[in-house]
Amino acid sequence: MKDRPRSFRARVSCLLLACLAVGGLAACGGSSGGGGGEQSEGSTLTVLAASSLTDTFEELEGTFEEQNGGVDVSTSFAGSSELLTQIQQGAPADVFASADEEKMNTALEEGLVAEPEVFVRNRPVVIVPADNPAGIEEFRDLAEADAQIVLAEEAVPIARYAEEVLDNADAEYGGGFAQRVRDKIVSREANVRASANRVALGEADATFVYVSDVTEDIRNQVRVIEIPEELNVVATYPIATIEESQNPELAQAWVNLVLSDEGQRVLEKYNFEPVDQS
Amino acid sequence: MLAGFISLPLLSLVIWTVNEGAWRAMSSPVALDALLLSAKTTAVTMAIILVVGTPAAFVLARAEFPGKRLVNTLVDIPAVLPPSAAGIALLLAFGRMGLLGEHLRVLGIELSFTTAAVVMAELFVASHFYVRQAAVGFAGIDRDVEEAAMVDGAGRTGVFTKITLPLAFPALVAGAVTAWARALGEFGGTIVFAGSFQGVTQTMPLAIYGTLERDFDAAVALSVLVLGFSFAVILAARFFTRRAGGHAGQD
């Protein structure tokens with residue numbers, strides 16, 4: 001511990017993360033969870049993915065386990081910023097899928113991941129509760145409405161995209177549009193799904209999510225307010241294998257599955273925009 | 001061994017303060033707002049707990065009444081309920097769509113995302129620790145002493161303030177410190193019910209969690225701050241018990 005302060009810090013913060021995280025993260029138990037099986041048979045593949053990928057990656061998990069008999073895939077979903085911290089602190093994992101290129105580039109610069117590949121795109125939208133108590137009919141109303149808005153934590157990709165959109169809107173509409181919307185923020189959530197749930201539960205009047213977050217589960221509880229195309233940004237999702245992976249081949253196999261036609265079909269099913277493979 | 005297990009992480013926090021970025025991180029607006037908010041909310045929580053909890057504990061210790069067992073159980077439940085479950089329960093009761101919250105909203109009262117919601121979450125999880133220990137303290141007092149004072153002409157309130165309270169004081173302080181510590185550490189209930197916003201609902205534990213992914217140093221700084229804050233409160237509590245103990249001896 002004395003000569004390896006980094007690993008000590010890693011352990012401390014890993015413990016902290018494990019204790020604090022609201023969502024169930026498999027990061028700390030990732031490698032021990034397999035019960036010490038052989039390399040190929042009974043091995044575990046740990047995938048850290050942006051929380052907006054929850055439904056798609058859970059579906060692909062089944063496909064992957066079918067294709068690679070005996071492999072147990074363990075997926076952990078959180079805000080990409082939280083996942084990056086886990087990787088930086090040495091959490092045992094094999095694949096990282098981020099909801100923005102910034103987090104991935106940081107990981108790449110720090111030598112934590114192999115060369116990333118963009119695998120899908122997504123479109124930010126605003127959602128309001130189905131009964132729309134604040135009367136937000138179009139994007140412009142965000143600044144006018146008497147609304148309680150929630151947004152993901154500052155470092156979370158959706159919050160960064162939302163800030164970009166607000167800046168664009170500010171330039172277009174003027175009148176301190178962005179600041180007026182920011183002033184209505186009452187809570188910063190851990191990730192995009194937590195924000196979506198606040199609105200689905202009717203606790204908040206509006207939030208920024210991706211169009212893919214409007215899943216079956218919440219479709220009837222929320223209404224989608226499109227952001228005008230000229231103001232919107234495109235969310236770009238890169239994926240990469242983690243350098244410290246104990247199972248580099250399996251990790252690469254997961255990346256290949258996500259990039260394959262099959263993987264892209266699943267993503268498309270959930271309203272993601274597949275990348276042009278040409 | 002246990003002492004070592006506890007002191008090593010604490011020592012690591014202290015050693016970290018030698019780091020040059022430490023002081024800057026500790027005086028950042030996020031850290032100061034969170035510290036101030038934690039101090040404020042736990043102070044309000046403790047005031048409510050002391051005012052409401054002391055008589056409640058006294059009644060639970062002394063009186064027999066129908067439904068006493070039920071009340072006792074109710075007091076104990078929050079202590080074993082995971083705080084995030086407490087947050088969900090609070091949300092279902094007092095949230096905008098909650099059982100009571102829905103009606104409060106009609107009256108223009110909204111609790112979620114407010115500082116009041118933080119206090120409610122703290123109250124919910126912490127009150128048990130004070131009421132339980134205070135009740136034990138009251139129950140442990142020799143009734144003969146009180147009766148002797150009555151015989152000597154002391155009134156009911158006189159007995160309570162001059163005899164019962166001072167005798168139970170160490171138990172009350174111990175209970176208050178435990179309850180305060182629980183309130184200060186409140187995380188799950190707050191993040192679920194009150195949300196997290198700097199200066200309004202983002203208490204120390206939430207700020208530590210929130211900054212961990214952005215800025216590891218800031219998260220450590222907050223942890224050091226909260227450690228110092230806790231230490232100060234425990235010292236103060238010790239000081240008061242000792243002084244009160246001395247007074248009781250003199251009387």
Side-chain angles (χ1 to χ4, degrees), chain A residues 1 5-6 8-17 19-24 78-89 103 129 131 133-134 146 148-156 159 182-191 194-195 197-205 207 221, chain B residues 8-13 15-16 19 30 82-84 87-88 90-92 94-98 101-102 105 108 110-115 117-118 185 187-202 205-220 222-223:
Chain A
M1 177 219 99
R6 170 129 190 111
F8 174 62
R9 241 170 77 142
R11 251 174 262 165
V12 170
S13 72
C14 193
L15 186 80
L16 256 174
L17 277 170
C19 298
L20 292 179
V22 183
S80 303
S81 45
E82 188 176 329
L83 297 172
L84 174 63
T85 310
Q86 289 177 22
I87 296 167
Q88 285 170 330
Q89 302 296 337
K103 308 289 175 298
D131 61 349
D146 176 20
Q148 295 197 318
I149 299 174
V150 295
L151 189 58
E153 291 266 15
E154 252 172 74
V156 178
R182 280 188 207 112
D183 287 345
K184 297 182 207 297
I185 297 175
V186 292
S187 182
R188 305 295 300 231
E189 304 297 323
N191 56 61
S195 309
N197 279 329
R198 288 277 190 209
V199 170
L201 288 172
E203 289 295 322
D205 298 316
T207 191
Q221 289 145 266
Chain B
L8 189 62
L10 297 184
L11 191 68
S12 318
L13 278 180
I15 288 173
W16 174 87
N19 183 326
V30 174
S84 40
I88 303 269
L90 285 166
L91 198 61
L92 288 179
F94 302 106
R96 263 167 47 159
M97 297 295 155
E102 214 175 9
R105 198 175 163 198
E110 287 200 24
L111 290 167
S112 33
F113 307 126
T114 64
T115 308
V118 178
F187 176 79
T190 309
I191 204 161
V192 171
F193 177 49
S196 172
F197 196 74
Q198 191 185 331
V200 184
T201 54
Q202 192 182 58
L206 269 65
I208 291 170
Y209 178 66
T211 51
L212 190 59
E213 58 197 60
R214 243 187 309 148
D215 185 351
F216 188 80
D217 278 347
V220 186
L222 285 156
S223 308

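Remember, it's a predicted structure, so these values are computed and weren't measured experimentally. Scope of the values below: all heavy atoms of this structure, side chains included, with no hydrogens, waters or symmetry mates. The sequence lines fix the lettering, A, B, ..., with proteins before strands; numbering per chain opens at 1.
Between A:Val186 and B:Val200 there is no side-chain heavy-atom pair separated by less than 4.5 Å.
Looking at A:Leu83, there are no atoms closer than 4.5 Å to chain B (heavy atoms on both sides), in backbone or side chain. For B:Glu110, the part lying under 4.5 angstrom from a heavy atom of chain A is the side chain only. Interface remark: A:Glu203 contributes backbone and side-chain atoms alike to the contact with chain B (heavy atom separation under 4.5 Å). Both the backbone and the side chain of A:Asp205 come within contact range of chain B, each with at least one heavy atom under 4.5 Å from a heavy atom of that chain.
No more than 12 heavy atoms of other residues, nucleotides or ligands sit less than 6.0 Å from atom CG of A:Asp146.
Of the possible donor and acceptor atoms, one in the side chain of A:Thr207 sits under 3.5 Å from a partner among the backbone N and O of A:Val150.
Annotation: maximal heavy-atom pairing with chain A below 4.5 Å, among B:Ala219, B:Gly98, B:Gly210, occurs at B:Gly210. Taking chain B as the reference chain and counting heavy-atom pairs below 4.5 Å, the highest number among A:Gly202, A:Pro133, A:Ala194 is found for A:Gly202.
A salt bridge is defined here as a Lys NZ or Arg NE, NH1 or NH2 lying under 4.0 Å from an Asp or Glu carboxylate O, and A:Arg188 with A:Glu154 fails to meet this definition. In summary, A:Arg198 and A:Glu189 engage in a salt bridge, as defined by a charged side-chain N under 4.0 Å from a carboxylate O.
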